[in-house]
Number of protein chains: 2
Amino acid sequence: MATAKNPRKAKAGKPATPTRRRRTAEEARHEILAAAQRRLAEGGPEAIRLQDIARDLGISHPTILHHFESREGLMQALGRSAMSALNADIMRAISDPGRGTSPEAVLDRVFETLGESGHARLLAWSALGDFAPQRTRGVVPQEQVLRVLADAVHRRLGDEARATGARTPPREEADFTVRLVAAAMLGDALVGDVLSRTAGLPDGPAVQRRFRAWLARLLDERFRQVTCTTRRGGRD
Amino acid sequence: MATAKNPRKAKAGKPATPTRRRRTAEEARHEILAAAQRRLAEGGPEAIRLQDIARDLGISHPTILHHFESREGLMQALGRSAMSALNADIMRAISDPGRGTSPEAVLDRVFETLGESGHARLLAWSALGDFAPQRTRGVVPQEQVLRVLADAVHRRLGDEARATGARTPPREEADFTVRLVAAAMLGDALVGDVLSRTAGLPDGPAVQRRFRAWLARLLDERFRQVTCTTRRGGRD
DNA sequence: GCCACTATTGACAATCCTGTACGTAGCTGG
DNA sequence: CCAGCTACGTACAGGATTGTCAATAGTGGC
């Protein structure tokens, strides 16, 4: 029982850096989240272990618990933070006119964004429910991203239609287009290389680029032709 | 000390089924794999715990170790078995003429197959590397499935082209088409409902069906038009 | 310069899971 | 009917991880 009474005096061996660093709560939370995200990107949700993160940062794991209550709390905070980072990145990729505004250029940027820093993986894990184990079934992105995109597509379809004198295609046309592209991008980011290989393509960044270009062209053509064909199947 | 010497005599309460069931090694492996797959589909790779699986089957967890060496061994066996089951299911879905052979019908069946019993999830986990932790990076599907599909598409494109007198589109056209659809199906199986919701669609099975039909129509039209437009962009 | 506040920490507790050791009990061939 | 093989079970060891607690040490305000 007298174990806990030891007043640490025995530690006479480290006079070099005896000072412990003290961050503000916000700083600490930020650093911890960053370290956690790094581990997440590499090894998945299971790789997020308090002791490991603590070691990465040179702190002790109870400090993490102090700032996030529990591992669960850390995971939720991480989910929110990573998801909003993804949103911001995607938004930037879409609206950034830096490298062109053609469908191909935009697709390229979004693809890149999804691939880097484990964004696609985060989405996948979130969808798989590996995040937020019980309660919150997956970290729901507040993404109006898709909404915005669908609006843009709808507008463009309307423009094309008006230009050719056809009637405006139904809103669903735009929604489905966005859904297809979004799903395809996620899927491709996850298993694109495997798909490419098993489908017989040589695979590699060059193929990936050509694939994107091909998809962009497909969408582009679709934009122009849908105005003539959309009424074919109609509502059913 | 004398603990291990207890010869079970104390169990006087269960004369009904005191006999332990003895399976063949193959039976046992099969049952264990099935139980593991059930858990996998529900809770992911982390939910595969030897003790839980054992409890599900009414056996003891060392029995599992007896049949699979280690948890790692179980995971690998599970990966192989589940992946080959997926292959078989997909193959069946594609070639089964039961409910029509139109692109829409085929797509529908494949979509269904991917969705049920966690096939899509398995693929995702495999891609995410949650399977086969270190060594085997992901359970590589021996799927010639995609190969077969791409061949079929290529043939069809050739037929269409010949019928209209156009020149045969490059093989890449078929490969990319398959890649797009495969990636989209996986992505949609994973996050389709979320996408649908955040894109403003009401979501639900009806929407999902319409989406598939829409995609099938898109492919169908593409098949017909690609013969006129494929030479536009050419090689790059 | 002193003091309250809190970020930080080492030690410890509690739990959980995989894997081992060894004995038991069904099946099958002789 | 006996003996061997092996599927199966109980008990336990070992390790890893989250979480608690009381003590310690920067920091900012007075």
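All values below were derived from every heavy atom in this structure, side-chain atoms included, with hydrogens, water molecules and symmetry-related copies excluded.
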Is the phosphate of [N] approached by [X] (side-chain N or O, under 4.0 Å from OP1 or OP2)?
X: B:Thr63; N: D:dG9; value: yes
X: B:Ser60; N: D:dT10; value: no
X: B:Arg23; N: D:dC8; value: yes
X: B:His66; N: D:dA7; value: yes

So what does [X] hit on the nucleic acid, given a heavy-atom distance under 4.0 Å: a base, only sugar-phosphate, or nothing?
X: A:Ile48; result: sugar-phosphate
X: A:Ser70; result: sugar-phosphate
X: B:Leu65; result: base

Checklist entry - When the nearest nucleotide of DNA chain D is assigned to A:Arg49 and to A:Pro62 on a heavy-atom basis, which residue is associated with the more 5' position? => result A:Arg49

Checklist outcome for this item: Nearest-nucleotide check on DNA chain D, B:His61 vs A:His61; residue mapping nearer the 5' end is B:His61

Starting from [atom2] on [N], measure out to [atom1] on [X] and report it in whole angstrom.
X: B:Glu46; N: C:dC17; atom1: CD; atom2: P; result: 12 Å
X: A:Glu72; N: C:dT15; atom1: CD; atom2: P; result: 19 Å
X: A:Ile64; N: D:dT18; atom1: CD1; atom2: C1'; result: 11 Å
X: B:Arg29; N: D:dT6; atom1: CZ; atom2: P; result: 15 Å
X: A:Ile59; N: C:dG10; atom1: CD1; atom2: P; result: 11 Å
X: A:Glu26; N: D:dT27; atom1: CD; atom2: P; result: 17 Å
X: A:Arg55; N: C:dG10; atom1: CZ; atom2: P; result: 13 Å
X: A:Leu57; N: C:dA7; atom1: CG; atom2: P; result: 16 Å

Item to check | 5' priority, DNA chain C, between B:Arg22 and B:Gln51 [closest heavy atom] | outcome: B:Gln51

Checklist entry - Taking atom CD of B:Glu116 as the centre, does the number of heavy atoms from other residues, nucleotides or ligands within less than 6.0 Å exceed 12? => result yes

Checklist entry - Do the side chains of B:Thr113 and B:Met185 get nearer than 4.5 Å, heavy atoms only? => result no

Next on the checklist: Please tell me whether B:Ser196 and A:Arg179 have a donor and an acceptor in their side chains that are separated by less than 3.5 angstrom.
Outcome noted: yes

Next on the checklist: Taking the minimum atom-to-atom distance to the side chain of A:Arg20, which one of D:dA25, C:dG19, C:dA25 wins?
Outcome noted: D:dA25

Next on the checklist: Counting only side-chain heavy atoms from C-beta out, which of C:dT8, C:dT18, D:dA7 sits nearest to B:His67?
Outcome noted: D:dA7

Next on the checklist: Given 3.5 Å as the limit, does a donor-acceptor pair link the side chain of B:Arg55 with the main chain of B:Ser60, or not?
Outcome noted: no

Checklist entry - Taking atom CD1 of B:Ile53 and atom CG of B:Leu33, what is their separation to the nearest 0.5 Å? => result 9.0 Å

